[in-house]
J.: 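First the structure, which I've put down as structure tokens, then a few questions once you've had a look.
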Amino acid sequence: QVTLVESGGGSVQAEGSLRLSCEASGFVGGSAYCMSWFRQAPGQEREEVAGIRSEGSARYADSVKGRFTVSQNSAKNTLTLEIDSAKPEDTAMYYCAAQVEYGGNCYKSRHAFSYWGQGTQVTVSS
């Protein structure tokens, strides 16, 4: 059973930095996984902000490009999101998610992700 546990959320002032971590366990040996960070603000849809493929290439939402950096450790069981130059509009619950990577494909839709963490709150004050 795959389990994802986020940590590192909190409060930061605008232009500040924060690091989120996601510890993964239960991945099936020999299978490749795509991992992503999503966020959801009150009354908003859950959106992907950053994702990373098993081979290491990353993608970002336009709203966070140049400010967020997603990375994965060599064991591929820890996903990190570095938030720099934080903005009040980054305030949201942040979720770690994973999907099995079939044929090298990583789908952006939240419906493609089978595994989710419980979320960690990020609050950016102006």
Side-chain angles (χ1 to χ4, degrees):
Q1 180 178 346
V2 174
T3 302
L4 305 175
V5 179
E6 302 97 335
S7 61
S11 297
V12 65
Q13 290 193 325
E15 298 304 315
S17 298
L18 207 61
R19 174 185 288 186
L20 308 183
S21 293
C22 171
E23 298 292 330
S25 61
F27 282 164
V28 175
S31 294
Y33 293 83
C34 313
M35 296 190 74
S36 290
W37 286 98
F38 283 75
R39 69 184 180 188
Q40 187 168 21
Q44 302 294 317
E45 293 285 322
R46 189 172 296 189
E47 62 171 351
E48 185 191 62
V49 295
I52 191 165
R53 297 162 58 109
S54 61
E55 46 78 23
S57 60
R59 65 182 180 219
Y60 298 92
D62 288 343
S63 59
V64 307
K65 279 181 183 176
R67 301 188 300 115
F68 287 20
T69 304
V70 64
S71 61
Q72 198 170 42
N73 67 344
S74 58
K76 301 190 187 302
N77 58 6
T78 301
L79 186 71
T80 300
L81 184 70
E82 301 272 0
I83 300 174
D84 296 313
S85 302
K87 300 179 178 181
E89 51 263 43
D90 294 326
T91 295
M93 185 72 79
Y94 283 70
Y95 298 90
C96 174
Q99 63 177 272
V100 176
E101 187 178 308
Y102 292 109
N105 295 312
C106 292
Y107 299 101
K108 292 181 64 175
S109 169
R110 59 188 176 93
H111 301 291
F113 289 83
S114 301
Y115 311 106
W116 292 86
Q118 81 288 350
T120 187
Q121 178 68 36
V122 171
T123 302
V124 183
S125 57
S126 57

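Hydrogens, waters and symmetry mates play no part in the numbers below; they use all other heavy atoms, side chains included.
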J.: Output all residues satisfying side chain to side chain contact (heavy atoms under 4.5 Å, CB included) with Glu55, sequence neighbours left out; order by chain, then residue number.
T.: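 So Glu55 forms a side chain to side chain contact (heavy atoms under 4.5 Å, CB included) with Arg53, Ser57.
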
J.: Of the non-hydrogen atoms in Ala86 and Val12, which two are nearest, and what is the gap between them?
T.: CB-CG1, 4.1 Å

J.: Tell me, which pairs form a salt bridge (Lys or Arg N to Asp or Glu O under 4.0 Å) where one or both residues lie in residues 65-76, sequence neighbours left out?
T.: Asp62-Lys65, Arg67-Asp90

J.: Find out whether Trp116 and Arg46 are in side-chain contact, i.e. whether some heavy atom of one side chain is under 4.5 Å from a heavy atom of the other.
T.: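 A side-chain contact exists here, since the closest heavy-atom pair is under 4.5 Å.
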
J.: If you round to the nearest 0.5 Å, how far is CG of Leu81 from OH of Tyr60?
T.: 8.0 Å

J.: If every non-hydrogen atom of Ala58 is compared with every non-hydrogen atom of Val70, which pair is closest and at what distance?
T.: CB-CG1, 3.6 Å

J.: Do Val5 and Val2 belong to the same hydrophobic cluster, where Ile, Leu, Val, Met, Phe, Trp and Tyr are linked whenever their side-chain heavy atoms lie under 4.5 Å apart, directly or via other members?
T.: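 No, Val5 and Val2 fall in different hydrophobic clusters.
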
J.: Mind listing the closest non-hydrogen atom pair of Pro88 and Ala14 along with its distance?
T.: CD-CB, 4.2 Å

J.: Around atom CD of Gln13, are there more than 12 heavy atoms of other residues, nucleotides or ligands at under 6.0 Å?
T.: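 No, not enclosed.
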
J.: When rounded to the nearest 0.5 angstrom, what is the spacing between CG in Leu79 and SG in Cys96?
T.: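 Answer for the CG-SG pair, Leu79 versus Cys96, is 5.0 Å.
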
J.: When you measure from the side chain of Glu6 to the backbone N and O of Gln118, does any donor-acceptor pair fall under 3.5 Å?
T.: yes

J.: With sequence neighbours excluded, what pairs up with Gln121 under the side chain to side chain contact (heavy atoms under 4.5 Å, CB included) test?
T.: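 So Gln121 forms a side chain to side chain contact (heavy atoms under 4.5 Å, CB included) with Thr91, Met93, Thr123.
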
J.: Can you check whether Asn77 reaches Phe27 side chain to side chain, under 4.5 Å on heavy atoms?
T.: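 No, every pair of side-chain atoms sits at 4.5 Å or beyond.
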
J.: I want to check something: taking the side chain as every heavy atom from C-beta on, are Thr3 and Tyr115 in contact at a cut-off of under 4.5 Å?
T.: no

J.: Would you please name every residue forming a salt bridge (Lys or Arg N to Asp or Glu O under 4.0 Å) with Arg59, sequence neighbours left out?
T.: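 Once residues adjacent in sequence are excluded, the partners of Arg59 under the salt bridge (Lys or Arg N to Asp or Glu O under 4.0 Å) criterion are Glu48.
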
J.: Is there a side-chain contact between Val122 and Arg39, using heavy atoms and a 4.5 Å cut-off?
T.: no

J.: Going by disulfide bond (SG atoms under 2.5 Å apart), name the pairs with one or both residues in residues 32-83, residues two or more places apart or in two chains.
T.: Cys34-Cys106

J.: Can you run down the salt bridge (Lys or Arg N to Asp or Glu O under 4.0 Å) pairs that involve residues 114-126, sequence neighbours left out, and say none if there aren't any?
T.: none

J.: What pairs with Tyr107 under side chain to side chain contact (heavy atoms under 4.5 Å, CB included), at least two apart in sequence or on another chain?
T.: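 Tyr107 satisfies side chain to side chain contact (heavy atoms under 4.5 Å, CB included) with Gln99, Asn105, Ala112 only.
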
J.: Does the side chain of Phe38 come within less than 4.5 Å of Phe113's, by heavy atoms?
T.: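 They are in side-chain contact.
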
J.: How would you list all residue pairs meeting salt bridge (Lys or Arg N to Asp or Glu O under 4.0 Å) that involve residues 101-126, not counting sequence neighbours?
T.: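 Qualifying pairs: Glu45-Arg110.
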
J.: Could you list the residues that satisfy ring pair (Phe, Tyr, Trp, His ring centres under 6.0 Å) with Tyr95, not counting sequence neighbours?
T.: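 Residues passing ring pair (Phe, Tyr, Trp, His ring centres under 6.0 Å) with Tyr95: none at all.
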
J.: Can you give each donor-acceptor pair under 3.5 Å made by side-chain atoms of residues 15-25, sequence neighbours left out, with the distance rounded to 0.1 Å?
T.:
| residue | atom | partner | partner atom | Å |
| --- | --- | --- | --- | --- |
| Ser17 | OG | Asp84 | OD1 | 2.8 |
| Arg19 | NE | Glu82 | OE2 | 2.5 |
| Arg19 | NH2 | Glu82 | OE2 | 2.6 |
| Glu23 | OE1 | Thr78 | OG1 | 3.0 |
| Glu23 | OE2 | Thr78 | OG1 | 3.3 |

J.: Report the residues that fulfil side-chain hydrogen bond (donor to acceptor under 3.5 Å, both in side chains) with Glu89, sequence neighbours left out, ordered by chain and then residue number.
T.: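 With sequence neighbours excluded, Glu89 shows a side-chain hydrogen bond (donor to acceptor under 3.5 Å, both in side chains) to no residue whatsoever.
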
J.: Under the rule for side chain to side chain contact (heavy atoms under 4.5 Å, CB included), what residues qualify as partners of Ser31, not counting sequence neighbours?
T.: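 Per chain and number, Ser31 pairs via side chain to side chain contact (heavy atoms under 4.5 Å, CB included) with Val28, Tyr33.
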
